[in-house]
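The structure appears below as structure tokens.
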Amino acid sequence: MQTEIKIMNVRFNNVSQTETIDFIFNNLQTGKKGYICTPNPEMLLETQKNEAFLKVLNGSLLNIPDGIGILWAAYNIEKQNSKLKALLNLPLIALYPDKFKTVLKERVTGTDLLQKICEKANQTPYKVFLLGAGTGIAEITKEKLIQHSPALNIVGTYEGSPDEKDKEEIINSINNSQTDLLFVAFGAPKQEIWIAENLPLLKTVKIAIGVGGAFDFVSGKTQRAPDWMRQTGLEWFYRLIQEPSRWKRIYNATIRFPIEIIKSL
Ligand code: UDP
């Protein structure tokens, strides 16, 4: 099986969730510094008009797919290479999503990573810092994570924003905490760009991950779609009903992205 594949010029690594977690803890042990991204279809569309973002994604230690649409794209680029076949197999995303797990193994979301890493960091000396999300959300996220993993060492939370004016205070706060792991919830592409720019200034951080709306999910501010919807690639539909204002983003992920991929075949 191939270890890497390019979709819209973004490198993806063919790693499962478990392999990603093992990779992260191995890096924590060796002290290797870097960031991990979970690109989704919308983020790939963004790279078409934002070259700095494309560079940031390709500069990560790992890019893992957040979205069945990415798995569908990888399968069609590698295995089919046919506009017609890609169009015809598009509905299988909802009916038989496992078909697309042959080129890239699985979808890994920022929320899953946050939860699984914190579970594994419980009972270890590794320190965790939560940066971003709305007022009070990172603190509630911390409480929820500690309820689940009581020995987890969350050494700081900070609401802040990716704006230049907040930068110094955020960096000082992270450096004072001496954290090893940093989760950033500023939304894409701001969080990935912020991480790539500032990671060299974060003295003790070994691994940083942009996690989008993960704090909103873990804190309970936003409900996650039921398991069967997540498995069948229908999470977007659940989010559309919950937050109709996201319609443009959902249109980009479910209509514009497949069109771009089909055109490229
Ligand atoms: N956010 C933030 N500061 C900002 C912009 C966004 O803390 O300046 C947070 C926002 O509150 C949310 C997260 O970034 O918690 C992004 O959520 P979104 O739903 O856009 O992420 P997705 O999961 O769709 O990538």
Side-chain angles (χ1 to χ4, degrees), residues 10 12 17 35-47 50 53 56-57 60 63-70 107-118 128-145 154 156-171 173-174 182-198 208-225 229-230 233-257:
V10 174
F12 279 87
Q17 181 172 282
Y35 55 93
I36 291 174
C37 304
T38 61
N40 61 27
E42 259 193 286
M43 287 160 72
L44 293 197
L45 291 174
E46 172 71 21
T47 61
N50 185 344
F53 184 42
V56 165
L57 291 182
S60 71
N63 284 328
I64 33 187
D66 176 3
I68 184 80
I70 305 277
R107 171 186 183 212
V108 183
T109 68
T111 308
D112 294 330
L113 276 187
L114 171 66
Q115 289 175 317
K116 298 285 172 202
I117 292 169
C118 287
V128 174
F129 194 105
L130 308 176
L131 171 64
T135 311
I137 301 296
E139 269 302 308
I140 303 174
T141 304
K142 172 180 168 177
E143 282 163 26
K144 297 270 176 183
L145 290 168
I154 301 189
T157 64
Y158 196 102
E159 280 155 26
S161 80
D163 299 345
E164 197 58 33
K165 64 173 176 41
D166 285 356
K167 187 170 148 171
E168 199 181 321
E169 208 174 314
I170 293 176
I171 289 174
S173 176
I174 295 173
L182 173 67
F183 294 97
V184 185
F186 287 152
K190 289 183 195 160
Q191 61 195 15
E192 287 78 14
I193 293 170
W194 192 95
I195 290 172
E197 266 178 24
N198 296 300
I209 311 177
V211 291
F215 299 175
D216 296 335
F217 288 124
V218 175
S219 67
K221 180 178 174 250
T222 312
Q223 289 293 313
R224 253 193 122 176
M229 279 187 138
R230 301 208 312 251
L234 288 174
E235 189 163 12
W236 61 269
F237 184 65
Y238 188 85
R239 291 201 87 175
L240 182 62
I241 292 170
Q242 265 206 329
E243 299 170 73
S245 58
R246 294 175 74 97
W247 72 269
K248 183 135 194 262
R249 296 179 54 174
I250 291 165
Y251 165 81
N252 281 339
T254 58
I255 312 280
R256 259 192 72 210
F257 177 73

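Counting convention: from 1, in listed order, for ligands and their atoms alike.
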TODO: Without swapping roles, check the side chain of Glu159 against the backbone of Ala138 for a donor-acceptor pair under 3.5 Å.
DONE: no
- [ ] Give a yes or no on whether the backbone of Glu42 and the side-chain of Asn40 come within a donor-acceptor separation of less than 3.5 Å.
- [x] yes
Task: Check ion pair Arg107-Glu235 (N to O, under 4.0 angstrom) - done: yes
TODO: Using a cut-off of 6.0 Å, state whether more than 12 heavy atoms not belonging to Glu243 lie near its atom CD.
DONE: yes
Open item on the list: One pair to check against side chain to side chain contact (heavy atoms under 4.5 Å, CB included): Ile64 and Leu113. What are the steps and the verdict?
Closed with: CA-CA 11 Å; Ile64 33 187; Leu113 276 187; 3.9 Å; yes
Per-pair distances, ligand 1 N/O vs protein N/O, less than 3.5 Å:
{"from": "ligand 1", "atom 1": "7 (O)", "to": "Ala133", "atom 2": "N", "distance (Å)": "2.7"}
{"from": "ligand 1", "atom 1": "7 (O)", "to": "Ala185", "atom 2": "O", "distance (Å)": "3.3"}
{"from": "ligand 1", "atom 1": "11 (O)", "to": "Gly134", "atom 2": "N", "distance (Å)": "3.4"}
{"from": "ligand 1", "atom 1": "14 (O)", "to": "Ala185", "atom 2": "O", "distance (Å)": "2.9"}
{"from": "ligand 1", "atom 1": "14 (O)", "to": "Gly187", "atom 2": "N", "distance (Å)": "3.3"}
{"from": "ligand 1", "atom 1": "15 (O)", "to": "Asp216", "atom 2": "OD1", "distance (Å)": "3.4"}
{"from": "ligand 1", "atom 1": "15 (O)", "to": "Asp216", "atom 2": "OD2", "distance (Å)": "2.8"}
{"from": "ligand 1", "atom 1": "19 (O)", "to": "Arg246", "atom 2": "NH1", "distance (Å)": "3.1"}
{"from": "ligand 1", "atom 1": "20 (O)", "to": "Arg249", "atom 2": "NH1", "distance (Å)": "3.0"}
{"from": "ligand 1", "atom 1": "21 (O)", "to": "Gly213", "atom 2": "N", "distance (Å)": "3.2"}
{"from": "ligand 1", "atom 1": "23 (O)", "to": "Gly213", "atom 2": "N", "distance (Å)": "2.8"}
{"from": "ligand 1", "atom 1": "24 (O)", "to": "Arg246", "atom 2": "NH2", "distance (Å)": "2.8"}
{"from": "ligand 1", "atom 1": "24 (O)", "to": "Arg249", "atom 2": "NH2", "distance (Å)": "2.7"}

Task: Pair Tyr238, Gln223: side-chain N/O donor-acceptor within cut-off below 3.5 Å - done: no
